[in-house]
Amino acid sequence: MNPYAYIREQVIAIITGLAEDGVLPAGMDFSNLAVEAPRDPDHGDVATNAALVLTKQAKMKPRDIATPLAERLGALPDVTAAEIAGPGFINLRLSEDFWRARLMDVLGQGVNYGDSQMAAGEKIIVEYVSANPTGPLHIGHVRGAVYGDALAALLSKVGYDVCKEYYINDAGSQVDVLARSVHLRYREALGETIDAIPEGMYPGDYLVPVGEALAARDGDKWRDLDEADWLVPLRRFAVDAMMDLIRDDLALLGIEQSVFFSEETLHLDGGIDRAMAALKAQDLIYTGVLEPPKGKTPDDWEPRPQTLFKASQFGDDVDRPLQKSDGAWTYFAADIAYHYDKTQRGYSQMVDVWGADHGGYIKRMKAAVRAMSGEQASLDVRLCQMVRLLRGGDVVQMSKRSGTFITLRELVDEVGADVVRFMMLTRKNDAPLDFDFDMAMEQSKDNPVFYVQYAHARIHSVLRRVADELPDLNLDLNSLKGANLSRLTDSAEMDLIKQMATWPRAVEIAAQAREPHRIAFYLNELASGFHVLWNKGNAEPNLRFIMEQDREVTLARIALIQGVALVLASGLSLVGVTPVERM
RNA sequence: GCACCCGUAGCUCAGCUGGAUAGAGCGUUUGAUUCCUAAUCAAGAGGCCGCUGGUUCGAGUCCAGCCGGGUGCACCA
């Protein structure tokens with residue numbers, strides 16, 4: 001149960017009752033009515049702003065609303081105190097048994113605790129990574145990959161039917177360059193000496209095995225042909241090889257997308273034509289000449305008629321070209337077709353995860369989605385800001401040209417997938433992030449991953465120990481559900497239960513905001529709550545988890561920390577981090 | 001020149017979509033280890049929430065305008 005949602009229902013029921021009794025006007029709008037935890041715990045367990053938000057509608061003073069409301073709230077069985085505070089807040093204290101019942105929720109639902117029906121099976125598509133298939137993934141891709149994957153998991157948790165998708169840019173000129181680079185490596189594999197990789201080709205060693213594989217499969221079949229004869233088949237071969245590489249890279253982070261959508265298919269099977277026809281049918285395409293960009297005009301600027309999409313009708317700054325001067329479709333046209341395809345597949349909610357350098361592209365893409373779906377579909381673009389690598393306090397400079405960029409594989413090899421995933425979620429996605437190698441390697445509370453994992457491992461350490469010391473005590477979940485939780489009375493114990501009780505709400509808020517980093521922050525706080533209780537046991541031996549002379553209290557405390565372990569484990573798996581049991 | 005993102009403690013950042021006396025970690029000062037993992041915990045100091053107006057019972061949060069930082073700006077992907 002989500003205690004805040006539950007109390008909110010009670011508040012609304014009471015207000016409705018008061019309206020029936022003529023104390024308050026009927027038919028008021030409750031959309032702004034909030035029930036949440038007050039910042040200051042001294043103000044109670046939950047607080048509601050009901051009297052404040054209704055004051056205008058009811059044409060009554062906040063306190064005149066709050067007084068009868070608080071009176072009836074105070075009479076609820078779960079409420080031990082209801083007081084009016086400040087400008088008209090009502091602060092409620094809930095009974096300890098109410099909170100203890102929340103621990104039962106956790107034990108009863110296990111890792112499913114916190115699942116929500118917020119989205120009730122709605123379809124949503126999350127597209128992320130979508131790196132060009134021209135080489136292995138590097139550090140710049142990692143953040144979007146982790147963010148997108150964690151977001152997808154979070155959306156599933158609240159009931160969405162999520163499709164995780166990768167858009168393969170396999171139709172542009174960069175894959176021609178890839179094919180030529182592979183042809184070069186192929187000739188090399190057949191025994192030719194290649195001095196230096198020419199300017200404008202991909203120099204990376206990762207293409208050496210691709211050339212070798214091609215030679216092994218096809219022999220010298222392609223060696224002496226004209227480029228026109230090998231470009232298309234080699235492009236396909238090379239892209240497939242790169243996608244295998246990329247899938248392997250993603251697997252290192254535990255990321256597995258279900259659909260890999262090829263841009264090329266849109267060109268081949270008429271997908272672009274269909275999308276363009278849909279726009280044309282609404283008279284949103286025309287031929288025109290764009291103004292030169294303000295500020296710095298490109299040197300080779302010349303006015304030329306182009307096929308344009310009326311993006312400005314849908315909130316974009318200017319209309320956008322769909323065809324290049326040579327008549328070929330622009331990337332934007334293909335992108336429109338790709339999103340059109342998503343709508344045709346039944347997705348009216350789309351999330352795209354992009355790098356911050358694509359920020360200027362958002363308006364036109366959202367405009368296109370709105371236009372071609374007749375305002376039925378919406379696109380949400382989440383930008384991930386840059387990641388700076390720090391080592392020894394210095395920024396690690398990276399440049400593709402000098403070959404000093406760090407690959408995803410190198411990063412995972414050095415610090416491990418768990419650390420990479422968690423660290424990438426310690427900032428909200430639209431804030432720049434510093435990834436500090438020294439902190440990532442640190443095995444202390446400086447490292448947030450270890451801090452949370454340590455709490456989980458510590459709990460399992462206790463569980464092992466109690467099994468050892470009290471072997472006849474039954475610790476399975478059913479026995480724990482029978483524990484006498486009224487033996488949990490210490491403030492640190494109750495605080496921990498209250499923290500667990502906020503998990504369902506934390507999940508929903510994070511999903512609504514599409515901010516999985518909130519999960520990482522929640523886990524840090526829950527881990528902290530556990531460490532506090534642990535240390536309290538150090539100072540006061542009667543607060544330890546294992547009390548050999550008092551099996552009843554031991555069982556209750558084991559139930560408590562088992563609950564914490566369950567929430568930690570489900571939160572960690574939500575962000576894709578292993579809940580280790582031993583460290 | 002325009003668009004988007006950011007500006008909160010010495011540093012790095014949260015702040016639950018408008019709530020009460022603005023929080024955490026690092027760093028700093030002080031303290032806790034015969035004890036279930038001290039890989040941890042407790043306490044103190046530290047603030048013009050970039051600036052100025054506006055909206056209202058109430059603004060770090062919303063709006064406008066400035067200032068400062070980042071990203072991007074026909075046909076490339």
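Owing to the predicted nature of the structure, the values given are computational and were not obtained by experimental measurement. In what follows, every chain begins at residue 1, and chains take the letters A, B, ... in the order their sequences are listed.
Among the atoms of the strands shown, base atoms are found under 4.0 Å from some heavy atom of A/E302. Counting non-hydrogen atoms under 4.0 angstrom, A/G359 reaches nothing in the nucleic acid. Within 4.0 Å (heavy atoms only), A/L290 reaches sugar-phosphate atoms of the nucleic acid but no base atom. Heavy atoms of A/R465 sit under 4.0 angstrom from primed sugar atoms or phosphate atoms, though from no base atom. Nucleic acid contact for A/K61: none, since no nucleic acid atom lies under 4.0 Å from a heavy atom of the residue. A/T330 comes within contact range of the sugar-phosphate backbone alone, with a heavy-atom separation under 4.0 Å but no base atom that close. Among the atoms of the strands shown, none is found under 4.0 Å from any heavy atom of A/M386. At a threshold of 4.0 angstrom between heavy atoms, the contacts of A/K536 with the nucleic acid are absent. When heavy atoms are screened at a 4.0 angstrom cut-off, A/P62 is found touching no nucleic acid atom at all. A/N538 comes within contact range of at least one nucleobase, with a heavy-atom separation under 4.0 Å.
Using a 4.0 Å cut-off, some side-chain N or O of A/S461 falls inside it from OP1 or OP2 of B/U37. For the OP1/OP2 pair of B/C41 and a distance below 4.0 Å, the side-chain nitrogens and oxygens of A/Y451 include at least one atom meeting the criterion. The phosphate of B/A14 (OP1 or OP2) has a side-chain N or O of A/K428 nearer than 4.0 angstrom. Not one side-chain nitrogen or oxygen of A/W329 sits closer than 4.0 Å to the OP1 or OP2 atom of B/C75. An OP1 or OP2 oxygen of B/A3 is reached within less than 4.0 angstrom by no side-chain nitrogen or oxygen of A/H358.
Minimum atom distance to the side chain of A/N535 is reached by B/C41, of the listed B/C41, B/U12, B/C76.
Remark: A/D438 engages no residue in a salt bridge (charged side-chain N to carboxylate O under 4.0 Å, His left out) (not counting sequence neighbours). In this structure A/R464 satisfies the salt bridge (charged side-chain N to carboxylate O under 4.0 Å, His left out) test with no other residue, sequence neighbours excluded.
Annotated stems with RNA chain B as a participant read B:1-7 with B:67-73, B:10-13 with B:23-26, B:28-32 with B:40-44, B:50-54 with B:62-66, given as range with range, by first number; only runs of 3 or more Watson-Crick or G-U pairs under 3.5 Å qualify.
Within the cation-pi definition used here (under 6.0 Å to the ring centroid, within 45° of the axis), A/R505 qualifies as a partner of A/Y4.
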Side chain to side chain donor-acceptor pair (under 3.5 Å) assessment of A/N169 paired with A/Q174
CA-CA 9 Å; A/N169 295 125; A/Q174 83 283 0; 5.5 Å; no

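Between the base of B/C16 and the side chain of A/R518 there is no donor-acceptor pair shorter than 3.5 Å. No N or O donor and acceptor, one from the side chain of A/R458 and one from the base of B/A39, sit under 3.5 Å apart.
A/R458 and A/Y454 share a side-chain donor-acceptor pair at under 3.5 Å. Side-chain N/O atoms of A/Q306 and A/Y286 include no donor and acceptor closer than 3.5 Å. Judged purely by distance below 3.5 Å, without hydrogens or angles, the side chains of A/Q499 and A/T502 never pair a donor atom with an acceptor atom.
The glycosidic torsion of B/U61 lies more than 90° away from 0, which places this base in the anti conformation.
Within the structure, salt bridge (Lys or Arg N to Asp or Glu O under 4.0 Å) contacts touching residues 302-312 of chain A (residues at least two apart or in different chains) are A/D283-A/K310, A/E302-A/R304.
For the pair A/T330 (side chain) and A/P321 (backbone), a donor-acceptor distance under 3.5 Å is present.
Ring centroid separation for the pair A/F435 and A/F437 comes in under the 6.0 Å cut-off.
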Cut-off 3.5 Å, no hydrogens considered: what does the side-chain donor-acceptor table look like for residues 533-542 of chain A, sequence neighbours left out?
| from | atom 1 | to | atom 2 | distance (Å) |
| --- | --- | --- | --- | --- |
| A/N535 | ND2 | A/H531 | O | 2.9 |
| A/K536 | NZ | A/D490 | OD2 | 2.9 |
| A/K536 | NZ | A/S491 | OG | 3.3 |

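Stacking annotation: A/Y454 is not stacked on the base of B/U37 (requires ring centroids less than 5.5 angstrom apart and an interplanar angle below 30 degrees).
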Is there any protein nitrogen or oxygen under 3.5 Å from a nitrogen or oxygen in nucleotides 18-23 of chain B, and what are the pairs?
| from | atom 1 | to | atom 2 | distance (Å) |
| --- | --- | --- | --- | --- |
| B/A20 | OP1 | A/R39 | NH1 | 3.4 |
| B/A20 | OP2 | A/R39 | NH1 | 3.0 |
| B/A20 | N6 | A/N91 | OD1 | 2.5 |
| B/A20 | N1 | A/N91 | OD1 | 3.0 |
| B/A20 | N1 | A/N91 | ND2 | 3.0 |

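In this structure, A/F332 and A/A513 both approach RNA chain B, and ranking their closest nucleotides by distance from the 5' end singles out A/A513.
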